[in-house]
Asks: 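Here it is: the structure, laid out below.
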Amino acid sequence: MPVTVVVGAQWGDEGKAKVIDLLSKEHVYVVRYQGGHNAGHTVVVDGERYALQLVPSGILYDHVIPVIANGVVVDLPTLFEEIDGLESRGITCRRLQVSSRAHLIFPWHQAHDAIAEAMRGDDKIGTTLKGIGPAYADKARRVGVRAGDVLNRDRFRELVRERAVAENTLIEEAGGEAIDVDEVVDRFDQLGQRLAPYVVDTVGLLHDAVDAGDHLLLEGAQATFLDLDHGTYPYVTSSNPTAGGASSGTGLGPRLIDRVVGITKAYTTRVGAGPFPTELLDEDGDRLVDVGREFGTVTGRRRRAGWLDCVMLRHAVRLNSLTELSLTKLDVLDGFEQVQICTGYRIDGVEVDGYPDRSDLLARVEPVYETVAGWETSLSSAREPGELPNEARRFIEIVEREVGIPVRVVGVGAERDDYLVWAS
Ligand code: GDP
Ligand code: IMO
Ligand code: MG
């Protein structure tokens, strides 16, 4: 198994980091391939909570080499805040490798993110305001500044100055506040100097690792339905979290990837705007949010919540070539008298074939539910499939039947060891 991809199968926050932490035991490299500090990846070890935004979730293991690959957009203030925070807690980040090809985020990206959201009036995307979309836009229009540019200090200062002056014109035209060019040049000069020792050709590094027989774990941020091409556009992020993005975001060709793990909660959440067929606006929804502690790791926003949607998951299998699922947060359903699983969609009473390709259609679908009896007990101490109540086993079996791939890991709590391996 040289290369495994872990990808969110819903709208993010599925518990990817916990599964990555678990899989890190058998991998040498853990590699972020897209997104930026819009991600909030939580690992809980002995009551200690680590909320990671840019540093790969494998960092908590000494044997892991964490890599930020070319597809990521890197916010240097956040990166070093995160490194300092981890080091103050005894986690060394010296092994971190950052791709020379990764694009950098600057304050003008955050300014443009805020302006774009304000201009949308009542139709906001609900972005994290971290500058992700504008940074990828600059990459696409070929004016981005990359991590490798810091290696030529004078040229880097010039590039930052050029970009800051050009962007200030646009920001002021849009009614925003101009950026202090000298301050930004000096601050990013310092940050660039600090970044320099971490910068490498990660494409060569990762291929050499594959050739040496090392196992690589590619860590997706965001998720399938936030994918720029395949998500619920325009309510998406600006990168490709789907498994294909792991290939372009690392430079590892698709034939090297032989395992693709989709992560799904036992229900669904979404933060930000956009269609959400199984959303619950009643007490059950409030209960999922309260019990599941569904508040954003990065922005603190309350997440929207609803029942598990197997139509989405079937589409996620197709888009990512998923080989297996990890089903997290099953314990959050403890004590529900009954739970629902969406097995199909209807529009105007007519069953829909496949996943709608247009957001306006998705906004109109009525979910078809299968009702499953709940379980009265707490799942948190279950460590073997045989320790699960029959109703919980039935729930997992329905997911496997509806989605068509096996569930391998089941999450029953936030702690590192709160999971069981399910062998159907
Ligand atoms: P990610 O972005 O996909 O890595 O997920 P987040 O870290 O944003 O959100 C997942 C939340 O659920 C975190 O607070 C985790 O500690 C927590 N979590 C992960 N797996 C489980 C589980 O099986 N049960 C419970 N109760 N919490 C979990
Ligand atoms: P992890 O990796 C959940 C959402 C935002 C918004 C949309 C676009 O922790 O699962 P952006 O700032 O990326 O331009 O915002 O995407 N979003 C996430 N939602 N989890 C995330 O990351 C997210 N990253 C971005 O809320 O709707
Ligand atoms: Mg998250």
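Any value given below was found using the heavy atoms of this structure, including those in side chains, with hydrogens, waters and symmetry copies removed. Numbering of ligands and ligand atoms starts at 1, following listing order. Note that this is a predicted model, so its numbers are computed, not measured.
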Asks: Pick whichever of L330, V409, T42 has a heavy atom sitting closest to atom 7 (O) of ligand 1.
Replies: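 The residue whose heavy atom sits nearest atom 7 (O) of ligand 1 is T42.
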Asks: I need the contact type for R270 against ligand 2. Using non-hydrogen atoms and a strict under-4.0 Å cut-off, is it side chain, backbone, both or neither?
Replies: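 No part of R270 comes within reach of ligand 2.
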Asks: Hey, is G40 one of the residues with a heavy atom under 4.0 angstrom from ligand 2?
Replies: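 Right, G40 reaches ligand 2.
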Asks: At under 4.0 Å between heavy atoms, is it the side chain or the backbone of T297 that contacts ligand 2, or both, or neither?
Replies: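 Neither; nothing of T297 gets under 4.0 Å from ligand 2.
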Asks: Among K265, E219, K16, Q10, which residue places a heavy atom closest to atom 3 (O) of ligand 1?
Replies: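 Going through K265, E219, K16, Q10 one by one, K16 has the nearest heavy atom to atom 3 (O) of ligand 1.
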Asks: Tell me the protein heavy atom at minimum distance from atom 15 (O) of ligand 2, and give that distance in Å.
Replies: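 In this structure, atom 15 (O) of ligand 2 has T127 CA, 3.4 Å as its nearest protein heavy atom.
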Asks: Under 6.0 Å from the ring centre and within 45 degrees of the ring axis: does the NZ or CZ of R287 meet both conditions for the six-membered ring of F336?
Replies: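 Yes, cation above the ring, under 6.0 Å and within 45°.
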Asks: With a cut-off of under 6.0 Å to the ring centre and 45° to the axis, is R304 in cation-pi contact with Y267?
Replies: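 Negative - R304 is either too far from the ring of Y267 or too far off its axis.
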Asks: Report yes if some N/O of S238 lies less than 3.5 Å from some N/O of ligand 2; otherwise report no.
Replies: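 No: no nitrogen or oxygen of S238 is under 3.5 Å from one in ligand 2.
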Asks: Got a sec: is A17 within less than 2.8 Å of the Mg ion (ligand 3) via an N/O/S atom?
Replies: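 Within the cut-off used here (under 2.8 Å), A17 places no N, O or S atom near the Mg ion (ligand 3).
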Asks: Ring of Y50, cation from R89 - is the NZ or CZ under 6.0 Å from the centre and inside 45° of the axis?
Replies: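 Judged by the rule, R89 and Y50 form a cation-pi pair.
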Asks: At under 4.0 Å between heavy atoms, is it the side chain or the backbone of R303 that contacts ligand 1, or both, or neither?
Replies: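 R303 to ligand 1: side-chain contact only, backbone stays beyond 4.0 Å.
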Asks: Using a 3.5 Å cut-off on N or O atoms only, is V271 in polar contact with ligand 2?
Replies: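 Between V271 and ligand 2, an N or O pair is found under 3.5 Å apart.
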Asks: Working note: Y419 + K18, criterion side-chain contact (heavy atoms from CB on, under 4.5 Å); need CA distance, chi angles, decisive distance, verdict.
Replies: CA-CA 10 Å; Y419 73 94; K18 188 183 146 184; 4.3 Å; yes
Asks: Please identify which atoms of ligand 2 are closer than 4.0 Å to at least one heavy atom of K16.
Replies: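 Checking each atom against K16, I get 1 (P), 2 (O), 10 (O).
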Asks: Determine, considering heavy atoms only, which of V19, D331, T297 sits nearest to atom 26 (N) of ligand 1.
Replies: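 Result: the heavy atom closest to atom 26 (N) of ligand 1 is in D331.
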Asks: So, 4.0 Å and heavy atoms of E294: is ligand 1 close enough to count as a contact?
Replies: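 The answer is no, since E294 has no heavy atom less than 4.0 Å from ligand 1.
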Asks: So between H41, R303, Q10, whose heavy atom ends up nearest atom 2 (O) of ligand 2?
Replies: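 Selected option, by shortest heavy-atom distance: H41.
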Asks: Which of the atoms in ligand 2, numbered in the order shown and given with their element, are less than 4.0 Å from a heavy-atom of A221?
Replies: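 Near A221, the atoms of ligand 2 are 2 (O).
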Asks: Among all protein heavy atoms in this structure, tell me which lies nearest to atom 6 (C) of ligand 2, with the distance rounded to 0.1 Å.
Replies: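 The protein heavy atom lying closest is G126 O, 3.2 Å.
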Asks: Is there a side-chain contact between D75 and F80 in this structure, where contact means two heavy atoms from C-beta onward sitting under 4.5 Å apart?
Replies: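 Side-chain contact under 4.5 Å: no.
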Asks: Does an N or O anywhere in Q222 fall below 3.5 Å from an N or O of ligand 2?
Replies: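 Checking ligand 2 against Q222, an N or O pair does fall under 3.5 Å apart.
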Asks: Has G8 got any heavy atom lying under 4.0 angstrom from an atom of ligand 1?
Replies: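 Checking ligand 1 against G8, which is what was asked, there is no heavy-atom contact under 4.0 Å.
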Asks: Pick out which of V72, T250, V5, I65 makes a side-chain contact (heavy atoms from CB on, under 4.5 Å) with V31.
Replies: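 Answer to the side-chain contact (heavy atoms from CB on, under 4.5 Å) test with V31 among V72, T250, V5, I65: T250.
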Asks: What do we get for Y235 next to ligand 2 when only non-hydrogen atoms under 4.0 Å count, side chain, backbone, both or neither?
Replies: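 Answer for Y235: neither.
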Asks: Would you say G12 touches ligand 1, if touching means a heavy atom closer than 4.0 Å?
Replies: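 No; G12 lies far enough from ligand 1 that no heavy-atom distance drops under 4.0 Å.
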Asks: Enumerate the atoms of ligand 2 whose separation from the nearest heavy atom of D13 is less than 4.0 angstrom.
Replies: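 Every atom of ligand 2 under 4.0 Å from some heavy atom of D13: 1 (P), 3 (C), 9 (O), 10 (O), 20 (N).
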Asks: Using a 4.0 Å heavy-atom cut-off, which part of K130 comes near ligand 2: side chain, backbone, both, or neither?
Replies: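 It is neither part, as no heavy atom is under 4.0 Å.
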